[in-house]
Structures are given as structure tokens and as C-alpha cells.
Colleague: 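Sharing a structure, written as C-alpha cells. Questions coming.
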Amino acid sequence: MRALEVLQANSRGAFTIPARGLYPYQWLWDSGFIALGWAQVDMERAWQELLCLFDYGQSPDGMLPHIVFHEQSRDYFPGPEVWGREALARPATSGITQPPVVGSVLLYLYEKDPDRERARERARYLFPKALAFHRWLYLARDPWRTGLVAIVHPWESGMDNSPAWDKPLSRVPLEDLPPYERRDVRHVSPEERPKKEDYDRYLSLLFLFRRLGYDPRAIYEHSPFKVVDVGFNAILHRANRDLYTLAVLLGEDPGDLEEWILRGEVGLEALWDRERGFYFSLDLVAGERIPVKTSAGFLPLYAGTPHAGRAGFLAEEIRRWGEKVAYLLPSADPESPAFEPKRYWRGPIWINVNYLVAEGLKDYGFLSLAERLKADALALMEREGFREYYDPLTGQGRGGEAFSWSAALALYWT
Ligand code: 2M8
């Protein structure tokens with residue numbers, strides 16, 4: 001299947017599912033990457049992707065959920081009945097969020113659209129909604145105004161079973177869970193997915209949040225998993241900068257963006273570990289750094305916060321990882337004992353991360369390394385098709401097939 005055919009096959013009118021069977025709804029950060037793909041072939045469809053997300057997904061307090069359950073499906077667990085957030089007039093949604101790439105995608109669409117009237121009209125409509133989402137993130141997840149927001153569930157990082165979450169997740173008490181049946185392992189081999197222990201804890205957190213009525217304040221206070229994810233915050237910082245640019249272009253009031261940018265820069269740079277020369281996430285419950293090297297640690301390049309010296313360290317580290325694998329960029333340090341080249345976010349290559357890190361490397365002038373991340377991603381997709389992820393040692397495609405954000409980013413790059 002060609003890249004555009006993948007998007008067309010996964011399109012459900014105004015939104016695009018990540019993959020048939022495995023992920024039958026609209027996911028938050030997937031839709032951002034997918035809109036970048038639509039923008040190469042059908043600008044109106046790209047705008048629809050974001051409009052659909054905000055119009056149907058956003059709650060009155062600004063929150064954007066990680067899944068909008070537009071349709072009924074028996075393919076996915078946990079579905080809307082497990083989350084228990086059915087709304088009257090809108091589709092049901094999940095009760096947690098995901099990395100905020102949409103602000104950056106909004107600026108991209110605004111700049112790319114040749115129909116300037118449509119671009120202005122759509123951007124003016126979506127800008128305050130994107131701003132409200134960021135305001136919600138700071139209110140709900142940074143009550144102490146540190147400049148960094150917390151995630152309360154591994155699913156919020158988008159990198160679900162990242163080895164960085166092993167320790168903080170192990171502290172989550174197991175609920176007396178009702179019997180449940182995973183559906184992901186009907187579509188994909190269990191060796192390529194999170195383990196049962198992980199799912200038990202993912203669900204324990206879900207049921208806790210549900211009992212708390214999804215009240216953001218109660219969740220922040222009581223969640224036994226509370227982490228400052230370097231990847232999430234890097235993406236948020238870049239989106240703040242991009243929304244600020246958009247505000248200036250549109251002549252809109254930038255609200256608190258300037259303050260968030262200033263505080264975010266200080267916050268992100270505080271995640272740098274001088275001894276180990278890497279950016280690490282913070283476990284807020286234990287009050288300690290999580291010294292586990294994953295690809296999220298390179299995302300400050302995309303945020304644009306490191307000074308040249310630190311950026312150089314990161315580029316060197318990527319080159320070192322590159323000597324241990326056939327293709328870049330593995331999602332976890334290939335030398336670490338936690339590295340599993342086939343298992344989801346514990347080693348495989350993800351096309352969206354290659355895109356984000358390559359953008360950052362380009363901004364810092366590491367052009368040949370940026371080119372390698374892009375070339376490796378394109379070579380893998382050419383050889384194996386648009387898979388969800390790829391084994392960095394053999395290049396073998398893994399996880400879902402005909403995967404939307406892979407196809408979308410191939411369109412973006414070619
Ligand atoms: C994966 O996560 C979902 C939960 O959100 C799952 O495994 O059920 C992750 O790779 C996530 O980053 C992605 O957005 C989602 C849909 O592609 O799948």
C-alpha cells in the first residue's frame with residue numbers, strides 16, 4: 001500500500017484512526033502527525049483532522065483526551081464503557097491526555113495553506129482552543145508553577161512501556177481488578193506488546209481516576225504515578241513557542257505563553273544530568289531523577305532549549321547508539337539491560353520520534369545526522385511497509401500494519 005492509501009483506508013470522514021483493528025478511534029498525538037501527512041495532499045482534510053479533535057474531544061475546561069471514541073468498536077480495550085466518560089452531546093472520551101504536538105501542527109498548517117483566507121479563519125478558530133489546552137495542562141499538572149507539567153499515567157507519555165516508567169509504575173498498588181480481556185494481543189504478538197503486569201497497573205490507575213470522578217485536582221494529589229516526562233515537556237515547550245509565533249502572525253493575544261516559555265526553558269534545562277550527560281525524567285512521588293536513557297531524552301533538541309555544548313553531547317550520544325544498531329533511532333539505549341528490540345517502546349524505532357528528533361537536529365545544524373534519521377525511517381518503510389515500529393537490529397517491521405503516522409510522516413518527508 002502506498003502512503004496516501006494508508007491514510008485513505010484509515011480515514012473515517014473527518015478523523016483518522018491509527019491502525020485498523022488495533023486502534024479504532026481518534027488518538028490525540030497521532031492526529032497531530034497524521035495532519036502533517038494530510039497537509040501534503042489535501043489541506044482541507046488536514047484542517048478537518050484538528051477541527052474534529054478539538055470540536056469533539058475538548059472538554060469545557062480545556063482538557064484534550066488521549067482518545068476520542070467516535071465510533072463503537074469491540075476491537076480495543078479499554079473502551080468507552082471502561083473509562084465511563086460518556087457525554088450527552090459529544091462522543092465519549094478517555095480521561096487522560098497525551099503529548100501536546102497539536103500547537104506546533106497548527107502553526108505548520110497555517111504557514112503551509114496556500115488559501116490564506118482559510119488559513120487565517122481556521123487558525124483564529126483553533127488558536128484559543130490550543131491555548132486553553134496548554135492552560136489546562138499548567139493548571140492541572142503544574143500547580144506549584146515549576147514550569148514543568150506532570151503526567152499521571154504511562155499512556156500520557158505516548159511511550160507506554162518505556163523502561164523509564166518501570167520503577168515509578170512498580171509502586172502503583174494493584175487494585176482488585178475485575179477480570180478483563182486485552183484485545184491488543186489479538187492483533188499483535190504478545191512479545192511485541194506491554195506485559196500483563198504493566199496492563200494491570202495501567203488499569204489500576206484508570207480505575208482510581210474514575211473513582212476520583214476525573215477531578216484534575218484530586219488526580220494530581222492522589223495519583224501514585226506522577227512523573228515529569230522530559231519528552232512530554234519538550235514537546236509542550238516547542239508547542240508553546242510555535243503558538244507564540246502564531247499569536248504574533250495572527251495578531252492574537254498570546255496570553256500566558258511568554259511566561260510558560262520562560263519557565264519551561266529553565267525547567268527543562270534542570271532535567272539535564274551533568275554527570276551522565278543526558279536529560280532524564282523526574283519521579284515526583286519518589287522525588288528523584290529516573291536515570292534511564294530513552295529516546296525521550298533527545299527531545300529537548302526539538303524544544304530548542306539546550307545550549308550548543310549540550311546539543312553536541314546529545315548528537316554524540318545518538319551516534320554512539322547508531323554504532324550498536326543497524327538503524328536509528330532506537331527508543332531505548334541499546335546498551336542498557338532493559339533494551340528489547342522487538343517490544344514496543346523498549347527498543348524499537350518509532351517513525352514519529354525520528355521525525356521529532358530529526359527536526360531538532362536540523363535546527364542545531366547537525367544536518368547529516370538529521371538526514372540519517374530520516375533516511376533510516378524511509379528505508380525501513382520502503383522495505384517493510386508502514387508499520388507501527390521496527391526492530392533497530394534487523395529492521396524488521398513490528399506491531400500494527402498500515403499505520404497512519406508512519407505513512408503520514410513518509411508523505412511529509414517525500
Ligand atoms: C499506543 O498506546 C495505546 C494507549 O494510548 C495502546 O497501546 O493502547 C502508543 O504507542 C501511543 O503513543 C499511541 O498514540 C497509540 C495509538 O497509536 O498507541
Side-chain angles (χ1 to χ4, degrees), residues 6-7 10 12 15-37 49 53 57 64-70 73-80 82-83 93-102 105 151-162 164-165 169 180-190 192-196 198-203 205-206 209 229 231-232 235 294-296 299 331-332 342-356 386-390 398-409:
V6 170
L7 287 194
N10 289 340
R12 297 289 178 273
F15 70 97
T16 313
I17 61 169
R20 246 184 70 193
L22 188 58
Y23 306 119
Y25 307 109
Q26 185 175 26
W27 258 261
L28 171 50
W29 77 327
D30 295 65
S31 269
F33 299 116
I34 289 166
L36 296 180
E49 192 75 29
L53 187 68
L64 272 183
H66 91 305
I67 307 176
V68 187
F69 299 109
H70 292 283
S73 169
R74 297 169 58 80
D75 276 327
Y76 185 80
F77 178 85
V82 185
W83 287 95
T93 68
S94 74
I96 56 171
T97 191
Q98 246 194 349
V101 292
V102 282
V105 175
I151 59 167
V152 293
H153 196 296
W155 284 338
E156 293 200 309
S157 70
M159 305 184 182
D160 309 356
N161 67 342
S162 158
W165 312 147
L169 191 64
Y180 69 91
E181 193 209 333
R182 284 171 62 173
R183 312 267 162 82
D184 56 327
V185 284
R186 284 189 194 168
H187 306 284
V188 171
S189 155
E192 301 171 20
R193 293 286 308 175
K195 296 183 175 163
K196 178 182 183 319
D198 299 320
Y199 260 79
D200 284 349
R201 292 197 159 80
Y202 298 160
L203 290 172
L205 287 168
L206 189 167
F209 302 159
D229 171 15
F232 192 109
I235 288 169
T294 72
S295 57
L299 289 177
S331 42
K342 293 178 185 48
R343 199 186 290 280
Y344 209 40
W345 288 95
R346 305 179 72 84
I349 295 164
W350 289 77
I351 303 300
N352 63 330
V353 178
N354 274 37
Y355 157 75
L356 295 170
F386 302 102
R387 298 296 298 265
E388 188 180 7
Y389 38 94
Y390 302 84
R398 299 280 176 187
E401 291 175 30
F403 194 72
S404 292
W405 80 37
S406 302
L409 292 167

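Whatever order the structure lists ligands and atoms in, that order sets their numbers, starting from 1.
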Colleague: Using the ring of each side chain (for Trp, its six-membered ring), is Tyr202 parallel, tilted or perpendicular to His153, with breaks at 30° and 60°?
Modeller: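 Rings of Tyr202 and His153: tilted, 30 to 60°.
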Colleague: Can a cation-pi geometry be assigned to Arg193 and Tyr344, taking NZ or CZ under 6.0 Å from the six-membered ring centre and within 45° of the ring axis?
Modeller: yes
Colleague: Tell me which protein heavy atom sits closest to atom 12 (O) of ligand 1, plus the residue, atom name and distance to 0.1 Å.
Modeller: Gly158 O, 2.5 Å
Colleague: Quick one: does any side-chain atom of Ser406 pair with a main-chain N or O of Arg387 as donor and acceptor, under 3.5 Å?
Modeller: yes
Colleague: Between Asp229 and Ser157, is there a side-chain donor-acceptor contact under 3.5 Å, judged purely by atom types and distance?
Modeller: no
Colleague: When you measure from atom 1 (C) of ligand 1 to every protein heavy atom, which one gives the shortest distance, and what is it?
Modeller: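 Scanning the protein heavy atoms, the shortest distance from atom 1 (C) of ligand 1 goes to Tyr344 OH, 2.9 Å.
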Colleague: Atoms of ligand 1 less than 4.0 Å from Trp29 heavy atoms?
Modeller: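 Under 4.0 Å from Trp29, ligand 1 has these atoms: 11 (C), 12 (O), 13 (C), 14 (O).
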Colleague: What do we get for Arg193 next to ligand 1 when only non-hydrogen atoms under 4.0 Å count, side chain, backbone, both or neither?
Modeller: side chain
Colleague: Among all protein heavy atoms, pick out the one at the shortest distance from atom 5 (O) of ligand 1; state its residue, atom name and that distance to 0.1 Å.
Modeller: Trp27 NE1, 3.0 Å
Colleague: Considering only heavy atoms of Pro18, which atoms of ligand 1 have at least one such atom less than 4.0 Å away?
Modeller: 16 (C), 17 (O)
Colleague: Below 30° counts as parallel, above 60° as perpendicular, anything between as tilted: where do the rings of Trp83 and His66 land?
Modeller: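 If you compare the ring of Trp83 with that of His66, the planes turn out perpendicular.
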Colleague: Check each of Arg183, His187, Arg20 against Asp75 using the side-chain contact (heavy atoms from CB on, under 4.5 Å) test, and report the only one that passes.
Modeller: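 Testing Asp75 for a side-chain contact (heavy atoms from CB on, under 4.5 Å) against Arg183, His187, Arg20 leaves exactly one candidate, His187.
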Colleague: Applying a 4.0 Å heavy-atom criterion (strictly less than), which segment of Phe33 is in contact with ligand 1: side chain, backbone, both, or neither?
Modeller: neither
Colleague: Please determine if His66 has a nitrogen or oxygen closer than 3.5 Å to a nitrogen or oxygen of ligand 1.
Modeller: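 Yes.
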Colleague: Specify the protein heavy atom at minimum distance from atom 4 (C) of ligand 1: its residue, its atom name, and the distance to 0.1 Å.
Modeller: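 Its nearest protein heavy-atom neighbour is Tyr76 OH, 3.5 Å.
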Colleague: Say whether Asn161 and Tyr199, considering side chains only, have a donor N or O and an acceptor N or O under 3.5 Å apart.
Modeller: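 The criterion, which ignores hydrogens and geometry beyond distance, is not satisfied for Tyr199 and Asn161.
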Colleague: Just going by heavy-atom distances, which of Asn352, Leu22, Asp30, Leu28 is nearest to atom 13 (C) of ligand 1?
Modeller: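 Nearest heavy atom to atom 13 (C) of ligand 1 lies in Asp30.
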Colleague: Which of the atoms in ligand 1, numbered in the order shown and given with their element, are less than 4.0 Å from a heavy-atom of Trp350?
Modeller: 10 (O)
Colleague: Could you tell me whether the side chain of Thr93 and the main chain of Val68 form a donor-acceptor pair under 3.5 Å?
Modeller: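 It does not hold such a pair.
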Colleague: For atom 10 (O) of ligand 1, grab the closest protein heavy atom and report residue, atom and distance to one decimal in Å.
Modeller: Trp345 NE1, 3.0 Å
Colleague: With atoms numbered from 1 as shown, which atoms in ligand 1 lie under 4.0 angstrom from a non-hydrogen atom of Phe403?
Modeller: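 Matching atoms, with element in brackets: 17 (O).
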Colleague: Can you tell me if Asp160 has a non-hydrogen atom under 4.0 Å from ligand 1?
Modeller: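 Judged by the 4.0 Å heavy-atom criterion, Asp160 does count as contacting ligand 1.
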Colleague: Counting each atom of ligand 1 from 1 as listed, which ones have a heavy atom of Gln98 under 4.0 Å away?
Modeller: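 Answer, ordered by atom number: 11 (C), 12 (O), 13 (C), 14 (O).
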Colleague: Return yes if some donor-acceptor pair links the side-chain N/O of Tyr25 with the main-chain N/O of Gly79 below 3.5 Å, else return no.
Modeller: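 It does not hold such a pair.
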Colleague: Got Ile17 and Tyr23 here, is their nearest side-chain heavy-atom distance under 4.5 Å?
Modeller: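 Sidechains of Tyr23 and Ile17: no contact.
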